[in-house]
Amino acid sequence: METDSLVLHLEGFEGPLDLLLELARTQKVDLAKISILALVEQFLAVIEGARRVRLELAADWLVMAAWLTWLKSRLLVPQLGEPEEAEVAVETLAARLVELQAMRQAAAWLGRRPQLGWDAFTRGEPEDFTETDRSKLRVEMAGLLGAYLAARRRGGARQQYRPRPMVYFSVQNALERLGRLLGSLPDWSSLEQYLPKGLEDGVPRRAAIAATLIAGLEMAKDGRLNLRQEERFGPILLGPRSMECETRDE
Amino acid sequence: MSETLTEAMRLAEAVIFAAAQPVTPRVLASLMPPDADADEVMAALVALYAPRGVNLVQVAGGWQFRTAPDVAPALRKVVELPRRLPRVAMESLAIIAYHQPVTRGEIEEIRGAALSQNTLDLLLENGLVTPKGRKESPGRPTLWGTTPAFLAQFGLKDLRDMPRREELLIDPAGPVISAPAAAEDEAAP
Amino acid sequence: MSETLTEAMRLAEAVIFAAAQPVTPRVLASLMPPDADADEVMAALVALYAPRGVNLVQVAGGWQFRTAPDVAPALRKVVELPRRLPRVAMESLAIIAYHQPVTRGEIEEIRGAALSQNTLDLLLENGLVTPKGRKESPGRPTLWGTTPAFLAQFGLKDLRDMPRREELLIDPAGPVISAPAAAEDEAAP
């Protein structure tokens with residue numbers, strides 16, 4: 001029964017120093033004047049009692065017990081080692097107990113202070129008069145120029161690898177388009193009427209005319225349509241195959 | 001003023017001050033001494049705070065302290081947090097500045113990437129670009145140019161204050177120089 | 001009372017009422033009319049609010065309105081209360097306050113027990129402590145110190161409001177502890 005309560009007692013402490021301080025306080029004297037030897041003996045007695053019921057005592061308790069055992073031996077038989085060694089150890093232990101005691105008092109002093117949220121309350125619903133104005137822009141010339149260069153580099157780099165892939169109307173496109181439109185337009189319509197809508201002037205348009213002409217020639221070779229040109233540089237006309245006219249190209 | 005009234009006023013002002021929400025008459029009543037007249041207490045408090053920098057007001061079914069309306073403007077602090085333009089917008093703006101008047105398709109071609117409506121809207125909202133007529137080509141696409149606000153934003157007197165393109169694009173290693181001459185001609189300002 | 005003083009008082013009380021944190025003298029000075037005497041204004045406000053349920057106090061390097069101590073018991077019934085700090089946390093907090101900047105290892109040595117993550121988390125969550133750089137020693141452990149919120153929590157004007165260590169050693173309940181002279185030098189804050 002006694003050992004059980006001893007264990008529980010030990011677990012109530014925040015480590016060995018806590019227990020030492022409690023033991024020191026029970027001596028009811030000035031911490032500087034307490035008998036360290038008596039303190040050590042009390043501590044070791046408690047640890048011994050605890051170990052009897054529970055061997056797996058936490059390491060820091062055992063380290064403290066070992067150190068105190070050493071200290072006790074030096075105090076009892078000073079000639080075992082340097083006498084100053086034990087004196088320094090006693091002073092260190094006393095100083096640590098004093099410091100812990102002081103911090104205990106500080107915690108208690110803080111605990112006695114009126115605390116926010118318990119003894120005093122601040123405004124529950126503060127008002128914020130800060131307005132954020134995000135309407136303005138932060139831009140600089142350097143940024144604009146940097147952006148321009150970046151855009152040109154990227155655009156230029158792209159052009160190197162894929163030179164206008166979709167711009168030109170290919171022969172393949174023209175074959176498909178002619179095949180689809182043939183018959184839907186009046187006989188002998190001009191080649192230009194078979195061009196797709198929305199072509200840009202210049203190279204794209206000329207490319208489309210060339211592609212459609214090549215496609216027309218290809219289809220005429222297969223006998224699927226006839227081509228006709230009345231005069232040099234005149235309009236090229238396309239007609240269905242049934243017409244008697246012979247293909248004439250320039 | 002009776003002692004009961006004074007004490008009831010102190011309690012009421014403290015709880016209204018500390019509460020995170022408007023304090024309902026029910027909560028107030030539960031705190032006050034049984035012999036206190038809640039209406040009298042609140043009327044006295046309202047009168048007490050009326051000339052002060054903080055007033056006691058009734059809102060949303062409860063009581064609350066609010067900063068006096070005439071003091072509030074003095075407390076107002078405006079923090080300017082200017083926005084930066086996203087990179088895409090900045091690039092598009094630079095292209096419009098250098099190549100204006102320019103169509104959306106041309107911007108896309110120069111950047112080598114699509115130009116989203118959002119980006120164009122952002123530039124329009126900030127008054128940096130404006131339509132400058134339509135190009136006489138299939139589809140008659142809108143031509144874009146910069147505005148006086150653009151000049152003001154970048155601290156320019158006029159567009160000629162911008163570094164010339166030739167000064168910028170001198171990087172011999174860069175692919176910009178090797179861009180097709182046709183495209184360069186077409187887009188020249 | 002002059003009109004300037006009255007207006008300065010209204011402004012000061014409004015801004016202190018509105019703020020979530022103690023208002024520093026610098027902020028107050030920036031808001032007041034140029035011919036107002038800040039000390040006079042604050043003294044007048046302190047006197048004005050002294051008998052009220054809400055008092056004006058100096059805390060954590062600034063001014064703050066707080067409910068009067070005697071109304072707290074009544075308010076606790078209706079205002080949401082925070083969790084009280086457990087003893088371990090209070091002790092660790094006291095050690096940090098007196099020994100700052102201090103490493104976790106040093107806190108553990110003084111307490112003679114490990115400092116659990118829970119305890120440190122609790123102090124951090126409540127904004128009472130904050131890292132204050134690292135100690136230039138092996139492992140470069142984080143140094144801890146207290147925050148302005150710590151001062152506000154315990155109603156302290158600054159850290160010097162805390163008792164000196166010698167005063168702490170007079171324990172009304174326990175034995176009279178006078179530290180050995182050598183130890184005193186070593187552990188003095």
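Quick note on labels: first sequence line is chain A, next is B, and so on, each numbered from 1. No experiment lies behind these values; they were computed from the predicted model shown. Both backbone and side-chain heavy atoms feed into the values below; hydrogens, waters and symmetry mates do not.
No other option in C/Ala18, C/Ala14, C/Gly53, C/Ala74 has as many heavy-atom pairs under 4.5 Å with chain B as C/Gly53. Ranking B/Leu11, B/Val54, B/Leu31 against chain C, the residue ahead of the rest is B/Val54, based on heavy-atom pairs under 4.5 Å. Heavy-atom pairs under 4.5 Å with chain B were tallied for C/Ala68, C/Pro51, C/Ala72; the largest tally goes to C/Pro51.
For B/Asp70, the part sitting under 4.5 Å from any heavy atom of chain C is the side chain, from C-beta outward, and nothing else.
Counting all heavy atoms, side chain and backbone alike, C/Arg10 lies closest to B/Arg52 at NH2-O, 3.1 Å.
With rounding to the nearest 0.5 Å, the separation of OH in C/Tyr49 from CD in B/Glu13 is 8.0 Å. Atom CZ of residue C/Phe17 and atom CZ of residue B/Phe65 lie 4.5 Å apart, to the nearest 0.5 angstrom.
Judged as a side-chain hydrogen bond (donor to acceptor under 3.5 Å, both in side chains), and not counting sequence neighbours, C/Arg83 has no contacts.
Atom CD of B/Glu108 has more than 12 neighbouring heavy atoms from other residues, nucleotides or ligands inside a 6.0 Å radius.
Side chains of C/Val15 and B/Thr67 form no contact here, defined as non-hydrogen atoms less than 4.5 Å apart.
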